[in-house]
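As structure tokens, the structure follows; a few thoughts come after it.
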Protein chains: 2
Amino acid sequence: MLDLAILGLLEQGDLHGYELRKRLRQQVGLIANVSFGSIYPALARLEAAGAVESVESGQAATTNLPPVPPTGSLSGERAVLRSRRYALGSRGRRSRKAYRITSLGHQLFLELLSGNGRDDARSFGLRWAFARHLTPAARLALLERRRAQLLQRLSEMPLPGGDERMDGYARSVLEHAAAGVESDIRWLDRLIEAERGTHRASPRHRVTRRQAPSTARSSS
Amino acid sequence: MLDLAILGLLEQGDLHGYELRKRLRQQVGLIANVSFGSIYPALARLEAAGAVESVESGQAATTNLPPVPPTGSLSGERAVLRSRRYALGSRGRRSRKAYRITSLGHQLFLELLSGNGRDDARSFGLRWAFARHLTPAARLALLERRRAQLLQRLSEMPLPGGDERMDGYARSVLEHAAAGVESDIRWLDRLIEAERGTHRASPRHRVTRRQAPSTARSSS
DNA sequence: AGAAAGTATATCGAGTCGATATAGCGACGT
DNA sequence: ACGTCGCTATATCGACTCGATATACTTTCT
């Protein structure tokens, strides 16, 4: 499940483990708290499978380090030292192994994305976050499969008044959980409707690299 | 985390592994999909720690098997055989090892319940489901600790417009996740208010074994 | 100069999941 | 009378994830 997330992030540029973790935390809110104990084994696994290759990058694809930090006090000599270090081809930088996705990895990514592996909340959210890589038909299928699963789960949930062994506390947990599932289903219904709209608007089979349906947000 | 759930269920009667799993699925909706690969190691762990002991129970504490199944067709001879089998002290029943909680286990249960182990959504839901075993003060502390954590998490969440690399699909996942956290916080606020109500109503320190605050439900 | 904080890679044990193997047993059809 | 289907019940396996921890280099603060 982590493989899909890693491959999806590597689709948009080479990354090393540490940066990968940061992006996972901030771009994919569902997968917060991924630890290095998951990331590095996953990278090694993917590399062994030939899905990614390690590139010995001095600087990664995204260098967001400003050359002059805003300290502004007696930075004369320091700046000299620093610029000298930078000029040496970014030596002194710790050895950072960046990973690049291969064509086989891209293939695996699409497989994981549309394959019918078990999907819980996290797995579905992950897939949907990368839904732009799917065809409109596959997107609709994904949404409706998830909806059916949630409906199934809701029907299997015990109604809170059913069991006499439960007190109010246990009941409130159950009620809240059921409300969460219902909320998820309503969310999916909105997504399905929006998706149907774009689908009807462009009935071609080809995926015409367009931006996503934007779900009617008002705030900036 | 599963230990707490198991001990909590054993508090209200001896159970064997299979029944334990059924109860976990239906009484604690959050811990759905616990597999035997988790339950049996957990039971062995708890038994090794002296928190539970295995009792060789012919029939468990809850025998919900009706002596006459509603078949109603030529059950004459079969009923004889069946009643004879039952009369033999429920032999023929497969060897079912039931587990009973010990006093040390009860102590461990209270420790896990009020201890400050990391709590995600599942862990908190589990604790709250067993909140009747806590003092009113401990209940309030649990709720407010969880509320603070959710608020923290909400503040750390990336606002969906912040990152240019995200398309509408990734954004919609983030928005829904944030909405879920907000919904959880509102739920906690309702629980806190209800809890404060009962707390003020009985300002004693003693826990007076009363039913829970029932959260204003209208349906049966 | 030295402490503190941030960047980066790696490993370990414990816990969990999903699949699978195994058996006893009741119900059901033919 | 028989097989077999499905439910009850216990158990184990490999793969995966988490949280903690170790290490080490760089930058920034004091």
Side-chain angles (χ1 to χ4, degrees), chain A residues 1-6 15-22 24 31-46 54 57 59-60 63-75 78-79 81-82 85-86 90-99 117-120 122-123, chain B residues 1-6 15-22 24 31-46 54 57 59-60 63-66 68-75 77-79 81-82 85-86 90-99 117-120 122-123:
Chain A
M1 206 208 70
L2 187 54
D3 300 14
L4 174 61
I6 290 176
L15 293 171
H16 49 262
Y18 193 85
E19 182 74 16
L20 210 41
R21 181 181 184 241
K22 273 200 302 184
L24 279 169
I31 317 292
N33 300 36
V34 257
S35 79
F36 295 120
S38 305
I39 290 182
Y40 287 113
L43 282 172
R45 206 187 314 148
L46 288 171
S54 69
S57 86
Q59 63 271 28
T63 55
N64 49 2
L65 37 118
V68 177
T71 54
S73 68
L74 81 94
S75 63
R78 294 188 183 182
L81 290 172
R82 238 185 279 115
R85 252 206 285 272
Y86 277 136
S90 78
R91 256 203 309 109
R93 218 65 178 133
R94 163 122 200 215
S95 75
R96 37 206 280 179
K97 225 187 304 176
Y99 290 91
R118 298 308 309 141
D119 43 0
D120 47 1
R122 293 236 286 279
S123 195
Chain B
M1 206 205 73
L2 187 55
D3 300 14
L4 174 61
I6 290 176
L15 293 170
H16 48 260
Y18 194 84
E19 183 72 17
L20 210 40
R21 180 181 185 238
K22 272 200 302 184
L24 281 170
I31 317 292
N33 299 38
V34 258
S35 78
F36 296 119
S38 305
I39 290 182
Y40 287 113
L43 283 172
R45 205 188 313 147
L46 289 171
S54 68
S57 83
Q59 64 269 29
T63 56
N64 49 2
L65 37 118
V68 177
T71 54
S73 67
L74 77 96
S75 62
E77 306 181 29
R78 293 188 184 182
L81 289 172
R82 238 186 277 115
R85 252 204 287 272
Y86 279 136
S90 76
R91 256 199 311 105
R93 223 56 182 143
R94 167 141 192 190
S95 74
R96 35 204 284 179
K97 224 186 302 177
Y99 290 91
R118 299 304 310 139
D119 44 358
D120 48 1
R122 294 235 285 277
S123 196

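To find a chain, count down the sequence lines: A is the first, B the second, and so on, and within it residues start at 1.
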Whole-Å distance between C/dT9 P and A/Ile39 CD1?
-> 10 Å
Round to a whole Å and report the spacing from NZ of A/Lys22 to C1' of C/dT7.
-> 8 Å
Residues pairing under salt bridge (charged side-chain N to carboxylate O under 4.0 Å, His left out) where one sits in residues 31-46 of chain A, two or more places apart or in two chains, turn out to be A/Asp3-A/Arg45
B/Asp120 atom CG is separated from C/dG15 atom P, nearest whole Å, by 15 Å
Nearest-Å distance for atom pair NE2/P, residues A/His16 and D/dT26 = 15 Å
Distances for protein N or O near nucleotides 14-19 of chain D N or O, under 3.5 Å:
from   : atom 1 : to      : atom 2 : distance (Å)
D/dT17 : OP1    : A/Leu2  : N      : 3.3
D/dT17 : OP2    : A/Arg45 : NH2    : 3.1
D/dC18 : OP2    : A/Ser38 : OG     : 2.6
D/dG19 : N7     : A/Ser35 : OG     : 3.2

So does A/Lys97 get a side-chain nitrogen or oxygen closer than 4.0 Å to the phosphate oxygens (OP1/OP2) of C/dA10?
-> yes
Spacing of B/Leu15 atom CG and B/Ile6 atom CD1 [to the nearest 0.5 Å] = 10.0 Å
Interatomic distance, A/Lys22 atom NZ to A/His16 atom NE2 [nearest 0.5 angstrom] = 7.0 Å
Going from CZ on B/Arg122 to CG on B/Leu2, what distance comes out if it is rounded to the nearest 0.5 angstrom?
-> 10.0 Å
So which heavy atom on A/Ser123 is nearest to which on A/Met1, and how close?
-> OG-CG, 3.9 Å
Separation of atom CG in B/Leu20 from atom C1' in D/dT8, rounded to whole Å = 15 Å
B/Tyr18 side chain N/O closer than 4.0 Å to the phosphate oxygens (OP1, OP2) of D/dT10?
-> no
Is any side-chain N or O of A/Tyr40 closer than 4.0 Å to OP1 or OP2 of C/dA10?
-> no
List, one per line, each side-chain donor-acceptor pair under 3.5 Å for residues 31-43 of chain A, sequence neighbours excluded.
from    : atom 1 : to      : atom 2 : distance (Å)
A/Ser35 : OG     : A/Gly37 : N      : 3.2

Starting at CG of B/Leu43 and ending at P of D/dA9, how long is that distance when rounded to a whole Å?
-> 14 Å
